[in-house]
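A note on names: the letters A, B, ... follow the listed sequences, proteins ahead of strands, and every chain is numbered from 1.
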Number of protein chains: 2
Amino acid sequence: MSYPSSLTLARSSGSSVAPAEVGSDPRPPVHHDIELQPLQVDKSPEEKFREFLAIRGEKLTAPRRALVRHVFNAHKHFDADELTAELQERGEKVSRSTVYRTLRLLVEAGLLRELRLTNRTAYEHDYGYPSHDHLHCSECGTIVEFSNEDIRNLREAISRSHGFRASGHKFIITGICEACRRLRNNRRRPII
Amino acid sequence: MSYPSSLTLARSSGSSVAPAEVGSDPRPPVHHDIELQPLQVDKSPEEKFREFLAIRGEKLTAPRRALVRHVFNAHKHFDADELTAELQERGEKVSRSTVYRTLRLLVEAGLLRELRLTNRTAYEHDYGYPSHDHLHCSECGTIVEFSNEDIRNLREAISRSHGFRASGHKFIITGICEACRRLRNNRRRPII
DNA sequence: GTTCCTGCAAACCATTTGCATTGAA
DNA sequence: TTCAATGCAAATGGTTTGCAGGAAC
């Protein structure tokens, strides 16, 4: 069976260097700006999680199910407190502790990936989503995803030459996004 | 005037893919494993810091001087508490708060770079040290530095294609270092 | 002198944990 | 029926901050 992966907002996947694509308003320090196509996967995240738990003799409870469903319902970056708030707004009974505990499990299960760009840990989909890296705007905090296959090769070559066996990597490019740069320029030469 | 930069432990700088070089004991979760040549710089870190402070109308005090001297006396990764301990062992009167405050200044001044691999922030030399990236052993916590010029090009190409103006990047390869891999293998097939 | 800096202790804030209770298998 | 999960509140641990006294410019 094929899980249709109802992720939102997919764009150009870009093999060597992907074309530009920038969001409109740069003010709120929120993330997103999704560019990649979700992968077709044969099991739903929930099912995948249940299996992971079963192997360890652990249980898929109501709060865990609500959480994993909610998280994979929209493709975006989020942190523990945002998630807690969203779940509670929806009337789901999930405490902050359980959110933290479950997020840790989802990372161990390979469903989510951690991203430490600020003091709060951000999470993103790993299961059903292609390997990618991030551009991080230091002005507005926007996170843009991109995919570049050279990076993987580079990572392998470097690891090999250092006797490392790579299991993953993080490549984060920090800078100013196009929208913020334009705002800056407009401020410098204002229309009188 | 040329500052001779008394950094310790330099090794192969490696342009495209540097040769392997691995430390001996992988147990303690401490960092290091330096591979790059320090750069020749025209001002000492202390002098550079003094200038930075002067511009902002701030002062180079005794604790700050002790700190910047100590930090640039040896090339290694360290965190705030390690540094506080080392300074106090040497009889320098620097409180933890001042260490935190001064580290932040040194980052702003471009003398140090922050590295967030664990829950504690690690610091490393930026001034007088070439741009580089890191291999991080998930088993023993060792950090190995490497330098690869393709990364910079990749970063520029990707940034350009996304309308970003890059100001920096972090490329961290996670995996198992050679020493830890050997330990694992020995454990799997023990000598009876 | 004025302004900035220091140390101390307290505050902060994200995350973790102990424990009594509840619930999945 | 058993072992694990939950929620709450308290603990943790790295980092920041308010403030009164102390130093640089």
Practice item. Report the end-to-end axis angle of the helix from C:dG1-D:dC25 to C:dA25-D:dT1; each axis comes from five terminal pairs, and the value is rounded to 10°. Key: 40°

Check your understanding: Does B:Y100 put a side-chain nitrogen or oxygen below 4.0 Å from OP1 or OP2 of D:dT15?
Key -> yes

Study note, to complete from the structure: Sequence neighbours excluded, the answer for side chain to side chain donor-acceptor pair (under 3.5 Å) partners of A:R113 is A:E124

Practice item. Check side chain to side chain donor-acceptor pair (under 3.5 Å) between B:N119 and all other residues, then give those that pass, not counting sequence neighbours. Key: none

Revision key, fill the gap. Residues passing the salt bridge (charged side-chain N to carboxylate O under 4.0 Å, His left out) test with B:R69, sequence neighbours excluded, are B:E46

Check your understanding: Under 30°, 30 to 60°, or over 60°: which ring-plane class applies to A:F52 and A:F49, parallel, tilted or perpendicular?
Key -> parallel

Point to revise | side chain to side chain donor-acceptor pair (under 3.5 Å) involving B:Q88 - partner list, sequence neighbours excluded | key: none

**Study point:** Between P of D:dT16 and CZ of B:R104, the distance in whole Å
**Key:** 5 Å

Check your understanding: What integer distance in Å separates B:N119:CG from C:dC12:C1'?
Key -> 16 Å

Check your understanding: Which residue, B:Y123 or B:R50, contacts DNA chain D at a nucleotide closer to its 5' end, judged by nearest heavy atom?
Key -> B:Y123

Review point. Under 30°, 30 to 60°, or over 60°: which ring-plane class applies to B:F146 and A:H162, parallel, tilted or perpendicular?
Key: tilted

Review point. Partners of B:A166 by side chain to side chain contact (heavy atoms under 4.5 Å, CB included), sequence neighbours excluded?
Key: A:I173, B:R155, B:E156, B:S159

Review point. C:dA14 C1' sits how many Å from A:L83 CG, rounded?
Key: 15 Å

Exercise for review: Can you sort out the partners of A:F171 under ring pair (Phe, Tyr, Trp, His ring centres under 6.0 Å), two or more places apart, ordered by chain and number?
Suggested key: B:H169, B:F171

Study note, to complete from the structure: When rounded to whole Å, the CD to P distance for the pair A:E82 and C:dT15 reads 11 Å

Review point. Once you round it to whole Å, what is the distance between P of C:dT16 and CZ of A:R120?
Key: 13 Å

Study note, to complete from the structure: Between CG of A:L87 and C1' of D:dT6 the distance, given in whole Å, is 15 Å

Point to revise | Set of residues satisfying side chain to side chain contact (heavy atoms under 4.5 Å, CB included) with respect to B:R120, sequence neighbours excluded | key: B:D79, B:D81, B:T118

Check your understanding: Could you state the CD-P distance from A:E92 to D:dG7, rounded to the nearest angstrom?
Key -> 11 Å

Check your understanding: In whole angstroms, how far is the C1' atom of D:dG14 from the CG atom of B:L117?
Key -> 16 Å

Could you list the protein-to-nucleotides 5-7 of chain C atom pairs, N/O on both sides, closer than 3.5 Å?
unit_1: C:dC5; atom_1: OP1; unit_2: B:K59; atom_2: N; d: 3.4
unit_1: C:dC5; atom_1: OP1; unit_2: B:R64; atom_2: NH1; d: 2.8
unit_1: C:dC5; atom_1: OP1; unit_2: B:R64; atom_2: NH2; d: 3.2
unit_1: C:dC5; atom_1: O3'; unit_2: B:T61; atom_2: OG1; d: 3.4
unit_1: C:dT6; atom_1: OP1; unit_2: B:T61; atom_2: OG1; d: 2.7
unit_1: C:dG7; atom_1: OP1; unit_2: B:K93; atom_2: O; d: 2.7
unit_1: C:dG7; atom_1: OP1; unit_2: B:S95; atom_2: N; d: 3.4
unit_1: C:dG7; atom_1: OP2; unit_2: B:S95; atom_2: N; d: 3.0
unit_1: C:dG7; atom_1: OP2; unit_2: B:S95; atom_2: OG; d: 2.7
unit_1: C:dG7; atom_1: OP2; unit_2: B:T98; atom_2: OG1; d: 2.5
unit_1: C:dG7; atom_1: N7; unit_2: B:R101; atom_2: NH2; d: 2.8
unit_1: C:dG7; atom_1: O6; unit_2: B:R101; atom_2: NH2; d: 3.3

